[in-house]
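Reading through the structure tokens given below for one structure.
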Amino acid sequence: MTLDLIFPVLPPALNGIGDYTAHLATELARTHEVRVLTAQADACDLQEVDVTVVRAFATGRRADVYDLVAPIVAHRPDWVLLQYNPFSYGKWGLNLSLPAALARIRAAAPTTRVALTVHEPFVPVKSLRSLVMTTWQRLQFWRLGRQADVVFCAIEPWVERFAPWFPTTRVVHLPVGSNMPRVDTHRADVREALGYRPDTLVLGLFGRGHPSRMLSFVRRAIASLRAEGRDARALYVGPAVEVVDAALSGVPLHCTGALPGPEVSRHLAAMDLYLAPFRHGVSARRGSFLAGLQHGLATVSTTGPQTDAFLDAQHGSAFLLAPDDDLSAYEAHALAMAQDPGLRARIAARGQTLYEEVFAWPRIAERMLSVLHASAVPAPPQAPAAR
């Protein structure tokens with residue numbers, strides 16, 4: 001198959017969906033012909049495999065997305081794979097030219113199929129401002145889905161929610177993966193360099209400090225462990241140093257700031273227990289949570305309305321989950337893990353296995369390709385040979 005992936009930015013820009021697009025394109029290119037169409041001025045080809053990166057459009061004006069039509073129609077790929085977050089294509093998440101551009105592509109290249117990968121459909125209603133924004137974002141999302149042959153949703157709950165929006169379209173779950181590499185490192189050396197004693201319990205955090213991260217849960221867990229006499233210390237890897245420092249005031253904390261991927265991996269190796277509570281629950285699109293599983297870290301997270309059923313089913317096996325409105329339950333899970341090295345080892349091993357089975361990039365690419373193959377248009381019948 002020939003595949004065109006679309007997203008405005010790619011690495012080295014700091015963008016999780018851009019990272020996702022690059023990882024997915026790299027994996028798909030191992031077996032198929034892949035291009036990435038981007039708006040990034042300094043875009044260059046992905047080096048690990050043969051992936052052509054084309055600056056095909058811009059984002060300065062909403063109508064600039066129409067520039068995607070010509071190169072796609074000229075190339076006529078089997079599939080166009082649009083990576084979607086409304087804010088990536090227009091100020092305030094508004095760009096109704098995007099579904100119109102897809103409609104033009106479909107009209108001019110009828111054999112090209114369209115798949116929409118939903119990383120964020122629209123903002124939830126939390127204020128008058130978000131109420132206004134969500135109105136046009138919902139319309140925009142609906143129009144995009146109506147142009148798609150397949151809608152991939154990053155979390156399971158969205159499949160059930162949005163399938164009725166697109167009754168003639170296949171709507172399926174496709175998780176994200178970790179954007180971090182996993183590098184070989186000597187855990188003891190990293191801990192020593194950070195000033196941790198062998199008996200120090202290092203409680204780790206990683207990510208951008210998004211408001212969905214429940215840092216009050218993290219602070220309570222660390223404070224409770226220290227009250228028991230444990231040398232419990234927090235290690236935060238990520239750019240939101242001021243936010244995390246303020247939220248975890250009163251507990252020992254080391255913040256690294258933003259680091260390149262290999263250094264993130266090295267610092268994750270220093271952690272004993274990984275704390276990743278999310279408002280509304282963890283889900284299959286939380287890359288920072290997945291990085292902990294990828295690195296074999298015993299993890300305590302939360303469950304809520306956005307938690308995938310298959311993740312809920314792994315509670316007590318691959319990680320521990322507390323309700324996102326139950327601080328005491330989260331604290332108890334963290335204490336149980338801290339007090340039982342054997343439990344931590346079992347949880348860490350199963351979590352890493354789950355990552356390899358579901359969230360590793362080859363598994364994600366296999367899942368996507370199986371859906372694309374099943375959704376492909378049958379070849380037209382051949383005319384009978386002349387006698």
Do the side chains of [X] and [Y] join up, straight or via other hydrophobic residues, at under 4.5 Å, putting them in one cluster?
X	Y	value
Val151	Val172	no
Val218	Leu225	yes
Leu24	Phe359	yes
Val54	Val34	no
Val300	Leu268	no

Any Lys/Arg nitrogen of [X] or [Y] sitting under 4.0 Å from an Asp/Glu carboxylate oxygen of the other?
X	Y	value
Arg279	Asp324	no
Asp189	Arg266	no
Arg187	Asp272	yes
Arg350	Glu357	yes

(request) Please indicate whether Asp184 has more than 12 foreign heavy atoms, meaning atoms of other residues, nucleotides or ligands, lying under 6.0 Å from its CG. (result)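 No - once you tally the heavy atoms of other residues, nucleotides and ligands closer than 6.0 Å, there are 12 at most.
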
(message) Are there over 12 heavy-atom neighbours, none belonging to His186, within less than 6.0 Å of that residue's NE2?
(response)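 Incorrect, the count does not exceed 12.
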
Scan side-chain atoms only and decide if [X] and [Y] contain a donor-acceptor pair under the 3.5 Å cut-off.
X	Y	value
Arg213	Ser288	yes
Thr2	Asp78	yes
Gln83	Thr21	no

Using atom types as modelled and distance alone, determine if a side-chain donor or acceptor of [X] lies under 3.5 Å from a backbone N or O of [Y].
X	Y	result
Tyr236	Gly207	yes
Asn95	Arg62	yes
Glu27	Glu366	no
Thr303	Gly281	no
Gln147	Pro99	no
Gln352	Gln294	yes
Gln140	Gly93	yes
His119	Asn85	no
Ser265	Val183	yes
Thr169	Val150	no

If we only count heavy atoms from C-beta on, is the [X] to [Y] side-chain gap below 4.5 Å?
X	Y	answer
Ser224	Arg230	no
Trp79	Ser375	yes
Val202	Leu194	no
Leu68	Val80	no
Leu290	Tyr355	yes
Glu33	His75	yes
Val51	Leu5	no
Ser301	Leu321	yes

(message) Less than 6.0 angstrom separating the ring centers of Phe141 and Phe166, yes or no?
(response)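 Yes - the distance between ring centres of Phe141 and Phe166 falls below the 6.0 Å cut-off.
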
[atom1]-[atom2] distance between [X] and [Y], expressed to the nearest 0.5 angstrom:
X	Y	atom1	atom2	result
Leu96	Leu144	CG	CG	9.0 Å
Ile347	Ser317	CD1	OG	6.5 Å
Leu235	Leu205	CG	CG	8.0 Å
Ser97	Leu102	OG	CG	11.0 Å
Arg344	Leu320	CZ	CG	11.5 Å
His295	Ser178	NE2	OG	6.5 Å

Over all atoms of both residues, closest heavy-atom pair of [X] and [Y]:
X	Y	result
Pro121	Pro86	O-CG, 3.8 Å
His173	Asp308	NE2-OD2, 3.5 Å
Ala56	Leu37	CB-CB, 4.0 Å

(message) Pair Leu82, Leu98 - check side chain to side chain contact (heavy atoms under 4.5 Å, CB included), show working.
(response) CA-CA 10 Å; Leu82 178 69; Leu98 186 60; 4.1 Å; yes

(message) Consider ring pair (Phe, Tyr, Trp, His ring centres under 6.0 Å). Of Phe319, Tyr274, Phe206, which one does Phe289 pass it with?
(response)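 When ring pair (Phe, Tyr, Trp, His ring centres under 6.0 Å) is applied between Phe289 and each of Phe319, Tyr274, Phe206, only Phe319 qualifies.
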
(message) Assess the residue pair Arg61 and Asp67 against the criterion (salt bridge (Lys or Arg N to Asp or Glu O under 4.0 Å)); give the C-alpha distance rounded to whole Å, side-chain angles, the decisive distance to 0.1 Å, and a yes or no.
(response) CA-CA 11 Å; Arg61 301 173 306 152; Asp67 292 342; 5.9 Å; no

Using distance only, find each side-chain donor-acceptor pair of residues 336-343 under 3.5 Å and give its atom names and separation, not counting sequence neighbours.
from: Gln339; atom 1: NE2; to: Glu228; atom 2: OE1; distance (Å): 3.0
from: Gln339; atom 1: NE2; to: Glu228; atom 2: OE2; distance (Å): 3.4
from: Asp340; atom 1: OD1; to: Gly342; atom 2: N; distance (Å): 3.1
from: Asp340; atom 1: OD1; to: Leu343; atom 2: N; distance (Å): 3.0

(request) Anything under 30° is parallel, anything over 60° is perpendicular, the rest tilted; go ahead and classify Phe57 against Tyr89. (result)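 It falls in the parallel class, under 30°.
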
(request) Could you label the plane-to-plane angle of the Phe162 and Phe122 rings as parallel, tilted or perpendicular, counting under 30° as parallel and over 60° as perpendicular? (result)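 The arrangement is perpendicular - the two ring planes meet at more than 60°.
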
(message) Could you tell me if Arg220 sits above the aromatic ring of Tyr330, with its cationic atom closer than 6.0 Å to the ring centre and no more than 45 degrees from the axis?
(response)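 Judged by the rule, Arg220 and Tyr330 form no cation-pi pair.
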
